[in-house]
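Have a look at the structure below before the remarks.
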There are 2 protein chains.
Amino acid sequence: MTEQSAPTTAAGGQGSTARGEQTRQLILDTAMRLFRERGYARTTMRAVAQEAGVAVGNAYYYFGSKEHLVQEFYAGTQRDHREAAAPVLAREREFAARLAGVLHAGIDVLSPYHAFAGAFFKTAAEPTSPLSPFSAESSEPRDMSIALFREALTGSTVKLDDELREALPELLWLGYMGVVLYWVHDRSDGQVKTRQLIDGVVPLVDRLVGLSRLRVLRPATRQALALIHTLRH
Amino acid sequence: MTEQSAPTTAAGGQGSTARGEQTRQLILDTAMRLFRERGYARTTMRAVAQEAGVAVGNAYYYFGSKEHLVQEFYAGTQRDHREAAAPVLAREREFAARLAGVLHAGIDVLSPYHAFAGAFFKTAAEPTSPLSPFSAESSEPRDMSIALFREALTGSTVKLDDELREALPELLWLGYMGVVLYWVHDRSDGQVKTRQLIDGVVPLVDRLVGLSRLRVLRPATRQALALIHTLRH
DNA sequence: CGCCTATCTTGAACACGTTCAAAATCTGTC
DNA sequence: GACAGATTTTGAACGTGTTCAAGATAGGCG
């Protein structure tokens, strides 16, 4: 547990419209720039402080750790994702098109950070870390992301079981995490493979969602939904 | 193969029945003990060296980094997994029972390390790291693990499409990675939830594999297999 | 203005992972 | 036994993330 970090983290929380807001933003921008330019590992806290023109300790006053800077990045891309997906969601009505739009928008937003995204995911994988996408601390950006997939679903013309309709957004988000995992490992030019993954998997999901109402698949669907319900407490 | 990493790692490779074998084993055992006792982060290389009665640099002569100690752990559980799964594979003929056996055996083997498994997965998630389960360097343990799932399949009485039969072991392994990810995040007593996940998902997979030969599902199955083929180059 | 408190800023110091040149030890050969 | 070369071992030193006691600054109040 790292929460002990007392005043430091507390002060740098969310609100803080106080004096230091400018300094906070300056440090954050500098860090993001250096992350893009040099990658995560090669960006030292000393370098961030120096380039921002502040002392090392000052950076720690606003951000509890180097990893907390990554969490800010996480929250930022969340907002950008919603923005990038908005046009498609306003235009399209077909579920497949909407889902593809949201997925592609997510990768669009992440693209500039592919080089250091590995470090991002490394952080995300640690279950004890508050930065994990599954952790309670990350519930806000996660819920926002799930809401995006819910919107892709509810705004569409697709017909499906009520129970499935309720569970699907979270499953789609989970699938999105899988896509991101693939993207992180994707070494193809411009991460074309990830695009192919999206374009290939979306019609598949679309087809399966349609099929789920068929008599032969109903038991399996029910079984899956019951399992999810069990595992969620 | 990890030979690129200079002399240090090269010497500590695989064979090396040379003099230092005892020292190597001593350091490894000490490290594993401390990992269990104190967790990964709280175990310092200095502590490992001191408890093993050697100099710090000596540990680095045999293991390129602290993370390389984790890779040894990874390889070790691989062997144990195969062993633990053997009885069930010798006894059962039903696909569902065999798959459940292999999955449960995997979790059985990992259980004592649940406390520090987070650090393990953190390492595993970094795509640039040779320790990633998807990396070329990890291909040996990965292939062994996939072979285990292939055995679960081929030794069973289940009937399925040839193309699916060929692709399924790798998919099952991928699913297993998902189970492990769930297990790492599982905070329930004795990780019961993970056991429920296995017991719930196995019949589901079994049923879907059976259904995949049905006329309604054939297009979807073909589509999925084509996608996998595309993504694999 | 002068004082008080909360906020912000500083940079030296600490612990850790890692490196490396030097020393010690072993193995084989004459 | 003595030498040469490979193998193994050492521990001081480096760079890094992080901490913290001390100082600087701002805002409110008399």
Side-chain angles (χ1 to χ4, degrees), chain A residues 1-13 15-28 30-31 34-35 38-71 119 122-123 126 129 131, chain B residues 2 4-13 15-28 30-31 34-35 38-71 119 122-123 126 129 131:
Chain A
M1 327 261 171
T2 26
E3 313 86 318
Q4 307 168 348
S5 357
T8 311
T9 320
S16 94
T17 34
R19 295 184 261 151
E21 186 58 24
Q22 287 184 54
T23 313
R24 185 189 150 86
Q25 206 44 242
L26 174 63
I27 293 169
L28 186 54
T30 308
L34 292 185
F35 282 166
R38 316 179 182 178
Y40 179 76
R42 294 189 133 75
T43 302
T44 71
M45 291 301 278
R46 283 171 180 79
V48 171
Q50 189 175 348
E51 293 260 324
V54 299
V56 188
N58 203 7
Y60 280 91
Y61 179 73
Y62 291 103
F63 305 95
S65 74
K66 190 179 177 184
E67 295 196 341
H68 275 78
L69 286 166
V70 175
Q71 190 171 43
K122 183 173 181 171
T123 292
E126 171 96 77
S129 161
L131 307 184
Chain B
T2 27
Q4 310 171 345
S5 357
T8 311
T9 322
S16 93
T17 35
R19 296 184 261 152
E21 186 57 25
Q22 286 184 56
T23 313
R24 184 189 150 87
Q25 206 43 243
L26 175 62
I27 292 169
L28 187 54
T30 308
L34 292 185
F35 283 166
R38 315 180 182 177
Y40 179 77
R42 294 190 131 76
T43 302
T44 72
M45 291 300 279
R46 282 169 179 82
V48 171
Q50 189 175 347
E51 292 260 325
V54 300
V56 190
N58 201 203
Y60 280 92
Y61 179 74
Y62 290 103
F63 305 94
S65 75
K66 191 179 176 184
E67 294 196 341
H68 275 79
L69 286 166
V70 175
Q71 190 170 45
K122 183 173 180 169
T123 293
E126 171 95 78
S129 160
L131 307 183

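The model shown is predicted, which means the values in this text are computed figures rather than measured ones. Letters A, B, ... are given to chains in the order of the sequence lines, protein chains preceding strands, and every chain is numbered from 1.
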Taking only distance into account, with no hydrogens and no angle test, what donor-acceptor pairs under 3.5 Å do side-chain atoms of residues 44-51 of chain A form with protein atoms, sequence neighbours excluded?
| from | atom 1 | to | atom 2 | distance (Å) |
| --- | --- | --- | --- | --- |
| A/T44 | OG1 | A/A47 | N | 2.9 |
| A/E51 | OE1 | A/R33 | NH2 | 2.8 |

**Prompt:** Do any side-chain nitrogens or oxygens of A/Y61 fall under 4.0 Å of OP1 or OP2 in C/dT9?
**Reply:** no
**Fill in**
Sequence neighbours excluded, the answer for side-chain hydrogen bond (donor to acceptor under 3.5 Å, both in side chains) partners of B/T30 is none
**Asked** Is any side-chain N or O of A/N58 closer than 4.0 Å to OP1 or OP2 of C/dT10?
**Response** yes
Table of protein N/O atoms under 3.5 Å from nucleotides 23-28 of chain D N/O atoms:
| from | atom 1 | to | atom 2 | distance (Å) |
| --- | --- | --- | --- | --- |
| D/dA26 | O4' | A/R19 | NH1 | 3.4 |

**Request:** Under the side-chain hydrogen bond (donor to acceptor under 3.5 Å, both in side chains) rule, collect the residues that match up with A/T23, sequence neighbours excluded.
**Result:** none
Under 3.5 Å, which N/O atoms of the protein pair with N/O atoms of nucleotides 16-18 of chain D?
| from | atom 1 | to | atom 2 | distance (Å) |
| --- | --- | --- | --- | --- |
| D/dG17 | OP1 | A/T43 | O | 3.4 |
| D/dG17 | OP1 | A/K66 | NZ | 2.8 |
| D/dG17 | OP2 | A/M45 | N | 2.9 |
| D/dG17 | N7 | A/R46 | NH1 | 2.8 |
| D/dG17 | O6 | A/R46 | NH2 | 2.7 |
| D/dT18 | OP2 | A/Y60 | OH | 2.8 |
| D/dT18 | OP2 | A/K66 | N | 2.8 |
| D/dT18 | O5' | A/Y60 | OH | 3.4 |

**Prompt:** Of the nucleotides D/dT9, C/dT10, C/dT9, which one has an atom closest to the side chain of A/Y62?
**Reply:** C/dT9
**Asked** Could you state the CD-P distance from B/Q22 to C/dC26, rounded to the nearest angstrom?
**Response** 12 Å
**Request:** Could you provide the dot-bracket string of DNA chain D, using ( ) for intrastrand pairs, [ ] for crossing pairs and | for bases paired to another strand, with Watson-Crick or G-U pairs below 3.5 Å?
**Result:** ||||||||||||||||||||||||||||||
**Message:** Measuring from the side chain of A/A55 (C-beta onward, heavy atoms only), which nucleotide among D/dT10, C/dG11, D/dT9 has the closest atom?
**Reply:** C/dG11
**Message:** In the structure I gave you, are the side-chain heavy atoms of A/Y62 and A/L28 within less than 4.5 Å of one another anywhere?
**Reply:** no
**Request:** Could you tell me the separation between the CG atom of A/L26 and the P atom of C/dT9, rounded to a whole number of Å?
**Result:** 10 Å
**Message:** Show me the pairs that pass salt bridge (charged side-chain N to carboxylate O under 4.0 Å, His left out) and involve residues 55-70 of chain A, at least two apart or across chains.
**Reply:** A/E67-B/K122
